[in-house]
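Inspection log for the structure reproduced underneath, given as C-alpha cells.
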Protein chains: 2
Amino acid sequence: MSLPHAILTALLEKPSSGLELTRRFDRSIGYFWSATHQQIYRELGKLESDGLIRALPAEQPARGQKKAYEVLPAGRAELARWTAAAQDPKPQRDALLLRLRAAAVVGTAGLEADLARHLDLHRRQLAEYQDIERRHFPPGRDGPEDRLRHLVLRAGIDLETFWTRWLAHALAEVAGLSGVTGGTASSDGAGTTPPR
Amino acid sequence: MSLPHAILTALLEKPSSGLELTRRFDRSIGYFWSATHQQIYRELGKLESDGLIRALPAEQPARGQKKAYEVLPAGRAELARWTAAAQDPKPQRDALLLRLRAAAVVGTAGLEADLARHLDLHRRQLAEYQDIERRHFPPGRDGPEDRLRHLVLRAGIDLETFWTRWLAHALAEVAGLSGVTGGTASSDGAGTTPPR
DNA sequence: GGACACATGTAAACCGTTACATGATTCT
DNA sequence: AGAATCATGTAACGGTTTACATGTGTCC
C-alpha cells in the first residue's frame, strides 16, 4: 500500500508524465521504492479516477502523447495522512542470508563467486550514494527539506557500508571453509578440495 | 522463488509438520524469510507432488492430523543447486524511508511518534538477537555449520544496530524541525507550532 | 457436551512481474 | 518510406495477504 504514496511524493516534487516518473523510479526515489512502468501507469489511472491527481491540460488525448500529472489538494492531504499514520515494519526477506543458512546444511560449494559479485554491486552502489552526497549535500548548506532528504541518503550510505563490510567478512569466512561443509546424511558425493 | 528453498532448509534442519514449520517461521528462519501458514501448506503440497519431499509415514490421512515431512535426495540436490546459483539482489523497498522523503514535502507532523515506536521495535529485536548470540554462540565453540549460522546472525545484529542508531539520529533531527517543514504551494493551512 | 486450542486447508483480492501491443516522433 | 525511439497501455501469470472453513483432541 505504498506505491500510490511514492508516486504522490514524486509528483509533488515535480509534476511528470508516466515515463518521466518511470525514469525517476530508476534513480532517486527508486533507491528505496522501485516500480516498473506498468505499475506506474496502472496506479496513475487509479489515482486520477480517485481524484487525487489530475492530468495537466494539454489537449492531447491520443495514445502516443505525453500526459503530465499534478497532485490535487486531496492527494496532498492523503499523503500527509499516510506519512503520519503508524505502520508496522514489513517482515524481512533476504535471499542471500537464506542461502547462507542453506549452505550450512548443503555445503558452500559455488557460493563464493556470487558473494564476491554481490560485494562488488554493493561497493558500486555505495560509491554512487557517496557521489550524490558530494554533489547534492555539500557541508553547511541545508534547509529543512534538505536535512530530511540527507537523512534518507545517509540511511542508504550506512546500509551499503554495512553490506560491503559484512560481505567482505562473509567471503573470508566462506573461503576459509572452502568446499565441503555440511550435510549430515548427504547423498551427493562430488569431490571438492579437502581441508589441508 | 525462494519460499520453497526456505522450507527445504528448515526441513533439512529438522523434519516437521506444517504448523511446526509455521512456528519456526515466526522465529529463526522467519527473521530473514517470513511466511504465513497458508503459504507453507500450499508450498508443502507442491514440493511433495514434485518429489522433493515426502510425508513421513504415520498412517494419518485425516484432516486434523499432524503430517510431518522430510526432504528427499532430489530436494537436497535442488537446494544445493539454488544455493550456488547466481542471483541478483532484489530492489529495495522501505516504507519508512519513503515516508521521510514524503515528509520533506508535506511536513513532519505526526511522524515523530511512529519513529520512536520503530526505534523501540528495533531495540527489542537487537536485544533478542544478542540474547540468541549469547545462548547459541558462546565464544570459542564453532564448527563449520555454526560459523555460517553465526555469520547470518551477525548480519541481523549489525543491521538492527544500524537501524537503532539511524532512527535515534532521525528522531533528533525531526524533533529539531518540529512542525511545519515544507510544501512549496500547499493548500492546507493547518497551524502548527512556529519556529522559535 | 460445550468451549477452546490445535492442525490443515479453500477462496478471493491484491500487488508485482513479464510479455506483448499500439500510436507518435525523429532520424536516415 | 523504413527503422528506431519515445510513450502509453493491455493481458496474463504468479506470489502474498487476508478471511474464512473444517476437522481433531483436550479440558472443564
Side-chain angles (χ1 to χ4, degrees), chain A residues 1-8 10-11 15-26 29-30 32-50 53-56 58-69 82 87-95 98, chain B residues 1-8 10-11 15-26 29-30 32-50 53-56 58-69 82 87-95 98:
Chain A
M1 284 301 291
S2 303
L3 177 57
H5 304 98
I7 293 178
L8 287 172
L11 285 181
S16 309
S17 70
L19 196 63
E20 283 163 0
L21 280 177
T22 303
R23 298 265 150 78
R24 293 169 60 195
F25 272 81
D26 283 339
I29 289 204
F32 45 91
W33 204 274
S34 68
T36 64
H37 81 273
Q38 291 83 347
Q39 285 179 275
I40 289 170
Y41 283 121
R42 202 195 318 168
E43 205 61 45
L44 282 173
K46 220 184 282 181
L47 287 168
E48 188 178 24
S49 72
D50 287 353
I53 64 176
R54 65 163 187 176
L56 284 176
E59 348 280 304
Q60 287 144 330
R63 190 170 176 123
Q65 301 303 107
K66 256 195 194 175
K67 202 162 67 176
Y69 293 91
W82 175 82
Q87 286 173 230
D88 285 328
K90 277 257 148 176
Q92 285 296 321
R93 279 204 184 148
D94 191 296
L98 185 57
Chain B
M1 283 296 293
S2 303
L3 177 58
H5 304 98
I7 292 177
L8 286 172
L11 285 180
S16 309
S17 69
L19 196 63
E20 281 163 1
L21 279 177
T22 304
R23 297 267 148 78
R24 293 169 59 195
F25 272 81
D26 283 339
I29 291 205
F32 45 90
W33 202 274
S34 67
T36 64
H37 81 271
Q38 292 85 347
Q39 284 177 277
I40 289 170
Y41 283 119
R42 187 166 7 128
E43 203 63 43
L44 282 173
K46 220 183 282 181
L47 287 168
E48 187 177 25
S49 71
D50 288 353
I53 64 175
R54 65 161 187 178
L56 285 176
E59 350 278 305
Q60 288 146 326
R63 191 173 175 121
Q65 300 303 106
K66 257 195 196 177
K67 203 162 68 175
Y69 293 91
W82 176 81
Q87 288 173 228
D88 285 327
K90 278 258 150 176
Q92 285 296 322
R93 285 213 177 137
D94 190 296
L98 185 58

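Reckoned from all heavy atoms, side chains included, excluding hydrogens, waters and symmetry mates. To find a chain, count down the sequence lines: A is the first, B the second, and so on, and within it residues start at 1.
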Send over the distance from [X] [atom1] to [N] [atom2], rounded to a whole Å.
{"X": "B:Q39", "N": "C:dA11", "atom1": "CD", "atom2": "P", "answer": "18 Å"}
{"X": "B:I40", "N": "C:dA7", "atom1": "CD1", "atom2": "C1'", "answer": "13 Å"}
{"X": "A:E48", "N": "D:dT8", "atom1": "CD", "atom2": "C1'", "answer": "13 Å"}
{"X": "A:L56", "N": "D:dA7", "atom1": "CG", "atom2": "P", "answer": "16 Å"}
{"X": "B:L19", "N": "D:dG25", "atom1": "CG", "atom2": "P", "answer": "15 Å"}
{"X": "B:K90", "N": "C:dG16", "atom1": "NZ", "atom2": "C1'", "answer": "8 Å"}
{"X": "A:L44", "N": "D:dG9", "atom1": "CG", "atom2": "C1'", "answer": "12 Å"}
{"X": "A:E20", "N": "D:dT5", "atom1": "CD", "atom2": "P", "answer": "20 Å"}

side-chain contact (heavy atoms from CB on, under 4.5 Å) with B:P91: which residues, sequence neighbours excluded?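 B:P91 satisfies side-chain contact (heavy atoms from CB on, under 4.5 Å) with A:S34 only.
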If only side-chain N and O atoms of [X] are considered, is one of them under 4.0 Å from the OP1 or OP2 phosphate oxygen of [N]?
{"X": "A:Y41", "N": "D:dG9", "value": "no"}
{"X": "A:K67", "N": "D:dG9", "value": "yes"}
{"X": "B:T22", "N": "C:dA7", "value": "no"}

Counterpart residues, side chain to side chain donor-acceptor pair (under 3.5 Å), relative to [X] (two or more places apart):
{"X": "B:E48", "answer": "none"}
{"X": "A:S16", "answer": "A:R24"}
{"X": "A:H37", "answer": "none"}
{"X": "B:Q87", "answer": "B:W82"}

Give each protein N/O atom lying under 3.5 Å from an N/O atom of nucleotides 18-20 of chain D, with the pair distance.
unit_1 : atom_1 : unit_2 : atom_2 : d
D:dA19 : N6     : B:Q38  : NE2    : 2.9

Is a donor on one side and an acceptor on the other found under 3.5 Å between the side chain of A:E43 and the backbone of A:I40? no
Checking C:dT8, C:dG16, D:dT16 against the side chain of B:S17 (C-beta onward), the nearest is C:dT8
What distance do B:I7 atom CD1 and B:I29 atom CD1 have between them, rounded to the nearest 0.5 Å?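 CD1 of B:I29 is found 9.5 Å from CD1 of B:I7.
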